[in-house]
Every structure is written in structure tokens, then in C-alpha cells.
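Written below as C-alpha cells is the structure these notes are about.
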Amino acid sequence: MSIVKRTWTVNGTSVAIRAPAGRRLLDLLREDLGLIGSKESCGEGECGACTVIIDDEPVVSCLVPVGQLPDGTDILTIEGIEKKRAGRLLRQAYVECGAVQCGFCIPGMVVGSYALLRKNPRPSAQAIRAGLAGNLCRCTGYAKIIAAVKLAAARLAGRRK
Amino acid sequence: MAKSLPRIRRLVGQPFPRVDADGKARGTTRYLADRHYPGLRHGVVVRSPVPRGILKAVVPDPDFDWTGIVLATAKDIPGINVVHMHDRTMPLLAEIGGEIRYRGEPVGVVAAKTPELAAAAAARVRVEVDELPPLLTLQEAVATFKSAPARFDSMKNQDIVKGDLAHGFAAADEILEAEYWAGHQEQLYLENQGLVVVPQKDGSILAEGSIQCPYFPVHELNDPLKLPPEKIRVRQTPIGGAFGGKEEYPTMLVGYAAVAALKSGRPVKIAYERHEDILFTPKRHPVWSRYKVGFKKDGTLTAIECDFILDGGAYLTISDVVMFRGILHCAVAYRCDHVTIRGKVARTHSVPCGAFRGFGAPQAIWGIESHVDAIAARLGKTPDAYRLQIHARPGDRTPTGQILSKENGATDCLRLALRRADFARKLKQCSRGRLLKGQKKYYGVGLSFFAHGAAFTGDGEAKFKAKGRVELALLDDGRPGVDIRVSSTEMGQGVHTVFTQIAADALDLDPARIRFPLADTALVPNSGPTVASRTTMVVGNVVHRAALDLKSQIEAFAALRHFRGAAARLRGSRLVAQGGKSVPFAKVAREMLAELGGASGFFQFELPADIRWDQTTFKGDSYPGYSWSANVAEIEIDPLTCEIAVKRVCAVLDIGRVVNPVTAAGQVEGGLTQALGYALLEKIGTGPNGLYDAARLQTYIIPTALDVPEFDVKFVEYPYSFAPPGAKGLGELPMDGLAPAIANAVAAAIGVRLRRLPITPEAIHAALHPVSGGAP
């Protein structure tokens, strides 16, 4: 398989990539860059546990071949989310609301929530449900996750005033 | 008088934040896949390509380069080729000349440097089987049960008999009989099954991974691995969900990996991908039940007769106990003097079914809660009034003869759920197959009411005697604190948090000084498996009592050391005594660690001496305590597409003392959501080729954020006073009864009762538009 060389921005830092074009972004993030927060569960883009943000769009990294991403691609993972204020507010809200149980879906869920709040800073409950419909959770029944996103959104808006 | 000190706020009953949430939300918690093991080999299981036959050969392809690759088969098993489980009939790996009993039954394990190489090598192992005709489904087994009962292959039978059934039916004014079916359900923990077995220099093994019950492999693999319990050490990694799915199955996985690890001398990891995980690991047992119930004109139940058959799959494994829990929940919630329940575990040539939250109870409650609604309809009574009339109350005798104690919130649950959901008013708005004025969709509201027996069945806890320790330790910051040492595993349910609360209260110590390390069988006594809704109730009591034991040791030490023998008390993280200046816990703990080498509080659980249970006749006290719940579901059905939307669910539960209202509500919402999936979405069966017919997340559909309703969760507390802090079972109860509540709502919406789960839009359509001449 052909090897590609790329320069991306990962979590705000410029990173030189050299990898087979068909290598899954998820594997590259986890194995080559040590960013283990993105999880693999279904491996076919159904569960959202591997969600990362590529150029402002939430994407399931298990379905993205490395060769598809050109130079200059901007990638944000759960590890980078922590550097953002909205990311920290989301993490705190998830913890406070009891939205975390086994935790395996949570990094992807927090990344998905971050992407949602970027587009829609004050989402309704229904908008949160729709925005996170691609992130499966088997523990919580989603109620406390929805509450956490609402809480983080309110805190984010409160500070912006 | 000692100076009044600020008392640590009592934590039991408070929404104390989860101790494990922060790392999980940051993505820094290291699950199995996030850990590095030097010299690791990756294991792939080689499986039977057919569901039934005689295994003739397992042949590695000579044209493949096997350098550095190990293939372990049954002949590499050091000891006797059997996994103990409950009847010692299942081989670890199928033997040449032995019978293959399900498609995918393991015949070997390949271990190689990379997962890709291991998978490629496993594909180059030829598995030769002389095929025999299989019996694949419960439908076929039940057909045999009805037409030729002598030929029905049951792996386990158990009856419950109370009173005289014939007498009960003779006293009835009317008899209603119906059959109820439900299919498999996949646990679908987000983290797939996986573990590593590391062979040790002394011939022992260390297994580490996503393991719900670390002591199971220790006691189940002694024969095949020819290792005594002390030479099988098992450690839990953080578990990304289990729900029973990682209860008995990881034992087999440890066995597969161990055989390859012992042969290769290297650590071997077996980590399933989703497809393999769904295809070859245990599911909830499909059920067929037939209820025949006699009742008087006033509604009094005079006789309950129930046949209850679970599909056990190819081997019994733990299905006997699942069936026991099933039959014990078939009629426990209602008053009736004459009851006969006959439980069976059918053998089919399919993957053995196993533990899944509820463990037989959801299958039982699905039948009885549908049937009680049907009886109410026959009597012209409303479902709520009828249940209020006939439900079991304190002092009543269960089908096994147990007298229900006063620690029983059954009536409260029912009344409160009906009131909160405004059930009586909403019942009048049900469409019953005809859109009412202003309705664009069929509307229905449904009720269920049920109990869940908490902890091991019968005298299980009395025999088991769960053990646990709470001991002084230096914590990660180098300062003293205490470690909780029990074998209970954190799987997401919150045990690390609630046990921290319990220990902090018992010790009157800052909860930040309490640590609960992941279970490691070399370091924790056996407090039993993390199953059966027993953990907070039973092991929580062990932690409470062990912490009190440690507290008294600390106080005795401090009394001599700092207070000239005057009675000292640990209070608000300080030792205080009359007339003395208080001393910080940290100081006393350091002294004890330095001078005594530490201190350890211990407790061993015992049930009250008057518990009576006969395992052969199934008479007596079948559970130490019962949790209760009532669920109300409101649904809408699109008349055109027949899509079903669950709009609101109200659940009121008596789980005894609520240790943490937030984690408890989270358990309830999550369990209700799994039950919603069981009722409406999660459809999977054994196909004609012997494989599950929905083997990926594209085809096996679980609820998303768009599928879940608004939840209204409320607790009523009737604590289990025998075992402070007084919790009863929580984990399974929310999974038990929502499916029949939804089915009852469907019946109220469309006017037709459906008796098979899941209830799909196709089933609704068929019910609304029956083919002429066909039954709905």
C-alpha cells in the first residue's frame, strides 16, 4: 500500500504523518500518536466511540483512511478538547450530572457534544438528542448526558454575556 | 467534653460525585486496549464451521508459513478438557472425535505477533466435521415439547408447587390461557470482550482484562489448566460495560488465551472485534412461557399454572440458575393460593445463552405482566385497579412459601407511579385501534408491576459468606488513607463511588482518604461475583462492617497511644477523647502503619439464622429481600408507518436505602433504556446456518438518544434493616418490567395484544391489517 506523507494540526500542534494511505485514522491516533482517548467499539461507524473533529466536523475516525486527509487538516481529539474552555465545561458537566458510567462511549460523546455546541450554542433537548444520535451509550439512557450538555451550554453562554 | 468538631457530612443518601468519572471523561482511563504488554501475542479462536457434527480433524494448512505462530488445540490442554460451570459438560476446546454442538464452537487458538497475522493463520486452519442435523431454535424445541414431550431435550427441570392446582382451577369462574415469546438480546457493552493471559515463571498465570467476576476463572479452570486456585491470578482492568455479558464468558476466554499462552510461553491477548463479539458470546435466553390462570368474577386469582422454557443453547453453563430466577419471578408479585410453575432449559445447537441484567426475571415478568393485563381486560377492570386489588403485600406467602416482610414498598410503588403518571386519566385517552378526536397517532398507556429478588437465590448468600476488608494504606499522594478490598468490580454501575460513601460514613473519614483499587484476586478476599443485584446490599454491608472493625482498631490504638487509655473516637477525620486534644487521623494512621505494619478491618457476611431454603423442593425463603417497582409507559404509533415512539416512562422503585440518588437514577434510566430496546428494537435470532442473523451494529439496533423517552424516576425507601446501610437490589430491577408495560401500552393503542418480543413496526402492521382469514 502506498505510503503518504502529510502535515496536519492535531490538537493545536503541527504533526508530520507518514503512514499507509489506507491506515485508519483511529489506529494512527491511538497507536502512532498515543491518543488513546478515542475508543473503538464497532469499527464500522455506527457507535461514535471514536468520534474526533476534523476541520470543525465530527467524524467517526474508524472510517477515515489517512490518505483521505490532505496537508493542513485540523484534527481535534478528546485530548485536545480539554485545552478548550467549552471542552472543560463539558467534561465538568458530564461529571457533575452523573452522565458517566462505564465511560467507554464518553470521550466520543464529549467530542460530539463539543461539535454540537460549536454549531448550536443553546441547543434544545431535541437538538441535543439529534446531535448525539450517532453516539451510542448502553449505560445511561442518555438522560444525564442531555442534562450535561444543557448545563455546559448554559455556563458557556453565561460567561459570554 | 471534647471540643465539638465539624462532622463529615453523612454521605449515604447524597449525590456524591462519581470517583471514576473525571478520567473517563478526559479519555485518560486505560481500558484493556489502552495498555501495553511487552512480548505480546494476539490470539484468535478457531471455530467450528457447522452447528453440529463430529469433529474429525483440525489441520493447519502446510502451505502457510507458520513460523513464530502457535496453534493450540484440545491436545494442548494441560489437564482435563472441561470448563467447570454448573454441570462440567462443556469442553474448553472441542476434542477430535467429540461432538460439535454449535456453530463457532472453539476448536483451537492461534497466537501470532499481530492480530492480522493471527487472523490470517486462523483462516488457514481446516476444521473437518462430519455434520449432524442441528436443532437451532427455541421454536423447534417448543414444537417438540408440545408434540412429543418425551423427545424434548431439557438440560434442567425445576418445578415450584404451592397448594393444589386442580382445586384452584375448580374454584375458578373463568380461565385464561396464552403463550408469550421473547427472543435473544445482546448485552452490547461498548467495550468488546477482551483480556490478556501472562504466563508466570512459576507456572502460574496472570489474567487481566474486562472481567466482571475475577474469582470465576480462579475456580472454574483448575481442571483444564491443571492449576490450583492460588496459581490463577485475575485482575480487572476498567470495564467498558458488562451487564452480565462479562460474567461467565470471560472464564472461557481466559481458558482459550491460557492454553495458547502456556504453549507459547508468551502473554496472549484475545480481544474480540464487535462482529465476533456479537456472533459468539452469550445472549439473554429466548423464552417461551404459557400461562393458564383461573380467576373468580371478582378478580381473585384461584390458580396460576405456568410452563417456562428458556433456550439454553448448546451447553448448560449457568442456565439452570437463570431458569431458577425466572420461575421464582413468574408469579411472585400476586396473591394466589394454588400455583404450579414448571421451568425447563431447552438444549439447542446454538451459542450458549448466559447472564444478562435481569437473569431470567425479565422473561418471566414479560409473560405475567402481559397476562394480568389480559385478565383485567376480560374482567372489565382497569389495569391499575386490578393490580391494586391482587398484588402481594407484606405477610403474604410467595409461591415458594416465603412470607413477605414489612420492608416492602410494593403498594407505594404502584400508587405513586399511577399518580405521577396520571394513569387513570390517560387510560381514557387510549386509541384502542381507532384514532380519537384530535389524535393523529394511536396513543396507549401501559402499566407493569413487579419484584426483583435481591442477591443470590435461596440460601446462596448464607453458603457463600461474602468476605471483605478495609485496610490502612498510603494512598497515591503518599499520605495515609484506607483501601477497600473486595472483589466487586466497577463496570459503570458506580460501586466504587457508593462503597466510598459507605466506608467514609462508617469510618467518619474524609472520602478523599478512601481508595478502591480495581479488583485483583491476589489482593482481595472473595466477596463474590458482581451479579444478582447483590453488590450494594450484601458487599456494601461487608464494607460497612469491615470499616467499623477498622475504626474500632484505630480508636483502640489511639486511646492507648494518645489518650492514656481513655475511650477515643474517630470523628470528622480526627481522633477525639474526653479531656484530650484531638489528633488527626493521618498521624495515628502513620503510627499504626509504622509500628504495626498496618491494620485491617474484616467482615464476613451472614444471613439471619432463620432463613429457610430447600433447593430440591424450591420451598422457603427464595431471596433475602425484594425490590419492587411499577412502570408506566406512554406510547404513540404512527398509523401509516406503524413506527412506535415511547414518549414518557415513569418508574417508581423500592430499592431499600438509596445510597446515591444520582448513580441510582442513572442505573434506572439505563436499565429502562435496555428494556425499551428489548421491547421494540433489539431483534436477533439464530439463522438457518447456525449464526446469529444480526451480527453487527448496522443490523443489531440499540436505542439512540432519539429513541429514549422522558423519564420520571422516583424512589420509595423501605431499607433492608438486617444489612446496613440497608440497600436492596437495584441493578436489574429497571430492566425487568418496561417491556410488558410497553406491550400493554401497545395493546391499549391498537386494541390488539402482541405476545412476541420485540414488537416491531412489521408486527404492528400485521396486527392492524391481518391477512383475511388469518389470526392477528
Side-chain angles (χ1 to χ4, degrees), chain A residues 30 34-49 77-79 81-82 87-88 90-112 125-126 128-146 148-149, chain B residues 15 17-18 20-31 33-35 187-192 238-243 273-275 490-494 660-663 665-674 676-677 696-698 700 702-711 713 734:
Chain A
R30 287 179 52 82
L35 300 170
I36 54 134
S38 304
K39 304 299 179 194
E40 175 164 5
S41 178
C42 73
E44 57 181 7
E46 292 287 336
C47 74
T77 71
I78 184 69
E79 289 86 355
I81 291 257
E82 183 61 25
R88 289 192 298 277
L90 275 164
R91 190 242 311 151
Q92 285 160 6
Y94 267 70
V95 172
E96 277 177 46
C97 291
V100 180
Q101 290 192 27
C102 89
F104 207 76
C105 73
I106 294 297
M109 197 71 80
V110 170
V111 172
Q126 192 55 28
I128 297 170
R129 289 175 190 274
L132 296 179
N135 291 83
L136 297 177
C137 170
R138 190 58 154 168
C139 294
T140 64
Y142 305 101
K144 299 201 184 321
I145 289 172
I146 295 164
V149 176
Chain B
R18 281 187 75 110
D20 57 343
D22 190 71
K24 288 174 171 177
R26 288 174 190 266
T28 54
T29 297
R30 291 191 173 254
Y31 299 85
D34 309 323
R35 288 165 186 244
Q187 295 88 356
L188 223 120
Y189 31 74
L190 266 278
E191 182 206 27
N192 293 320
I239 295 175
F243 315 112
E273 291 189 346
R274 179 61 61 192
H275 185 59
E490 176 62 65
M491 306 173 268
Q493 83 280 39
N660 186 320
V662 171
T663 57
Q667 284 292 289
V668 175
E669 290 155 1
L672 292 170
T673 300
Q674 290 177 352
L676 185 156
R696 30 190 10 118
L697 263 173
Q698 280 174 357
Y700 187 77
I702 66 168
T704 71
L706 284 170
D707 299 309
V708 295
E710 281 175 43
F711 295 111
V713 174

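Just so you know, these numbers use all the heavy atoms, side chains as well, and skip hydrogens, waters and symmetry mates. Not measured: the values here are computed from a predicted model. The chains referred to below are lettered A, B, ... by the order of the sequence lines, with proteins before strands, and numbering in each begins at 1.
For a residue to count as touching a neighbouring chain, one of its non-hydrogen atoms must lie under 4.5 Å from one of that chain's; by this rule B:T663 does not touch chain A. Residue B:A242 does not touch chain A at all, counting heavy-atom pairs closer than 4.5 Å. Both the backbone and the side chain of B:L188 come within less than 4.5 Å of a heavy atom in chain A. For B:P709, the part lying near chain A is the backbone, with the side chain staying farther off; criterion is any non-hydrogen pair under 4.5 Å.
Considering all non-hydrogen atoms of both residues, B:T704 and A:L136 come closest at CG2-CD2, 3.7 Å. Scanning all heavy atoms of the two residues, the minimum distance from A:C102 to B:G241 falls at CB-N, 3.2 Å. Heavy-atom minimum distance, B:A25 versus A:V110: O-CG2, 4.3 Å. Nearest heavy atom pair, residue B:F243 against residue A:C139, reads CZ-SG, 3.6 Å. Scanning both residues, B:G27 and A:P107, for their nearest heavy atoms gives CA-CG, 3.9 Å. When all heavy atoms of A:F104 and B:Y31 are compared, the pair lying nearest together is N-OH, 3.4 Å.
Highest contact tally toward chain A, considering only B:Q674, B:R30, B:E710, is held by B:Q674 [criterion: heavy-atom pairs under 4.5 Å]. When each of A:G141, A:C42, A:G131 is scored by its heavy-atom pairs under 4.5 Å with chain B, the top score falls to A:G141. The residue among A:V95, A:I36, A:I146, A:I106 with the most heavy atom pairs within less than 4.5 Å of chain B is A:I36. Chosen from A:G45, A:A133, A:G98, the residue pairing most often with chain B at heavy-atom distances under 4.5 Å is A:A133.
Screening B:K24, B:R18, B:Q667 for a side chain to side chain donor-acceptor pair (under 3.5 Å) involving A:Q101 leaves a single residue, B:Q667. Of the options A:E82, A:R88, A:E79, a side chain to side chain contact (heavy atoms under 4.5 Å, CB included) to B:R26 is made by A:E82 and by none of the others.
Formation of a donor-acceptor pair under 3.5 Å by the A:R138 side chain with backbone atoms of B:Q187 is found in this model. With B:R696 contributing its side chain and A:E46 its backbone, the two residues share no donor-acceptor pair below 3.5 Å. Counting only distance, with no hydrogens or angles, the side chain of A:E44 and the backbone of B:L697 share a donor-acceptor pair below 3.5 Å.
Considering CG of B:D34 and CZ of A:R30, their distance stands at 4.5 Å, rounded to 0.5 Å. Put simply, OH on A:Y142 and CG on B:L706 are 9.5 Å apart, with the number rounded to the nearest 0.5 Å.
Residues passing the side chain to side chain contact (heavy atoms under 4.5 Å, CB included) test with A:C105, sequence neighbours excluded: A:M109, A:C137, B:L190.
Contact check on A:K144 versus B:E669 returns a salt bridge, with a Lys/Arg side-chain nitrogen under 4.0 Å from an Asp/Glu carboxylate oxygen.
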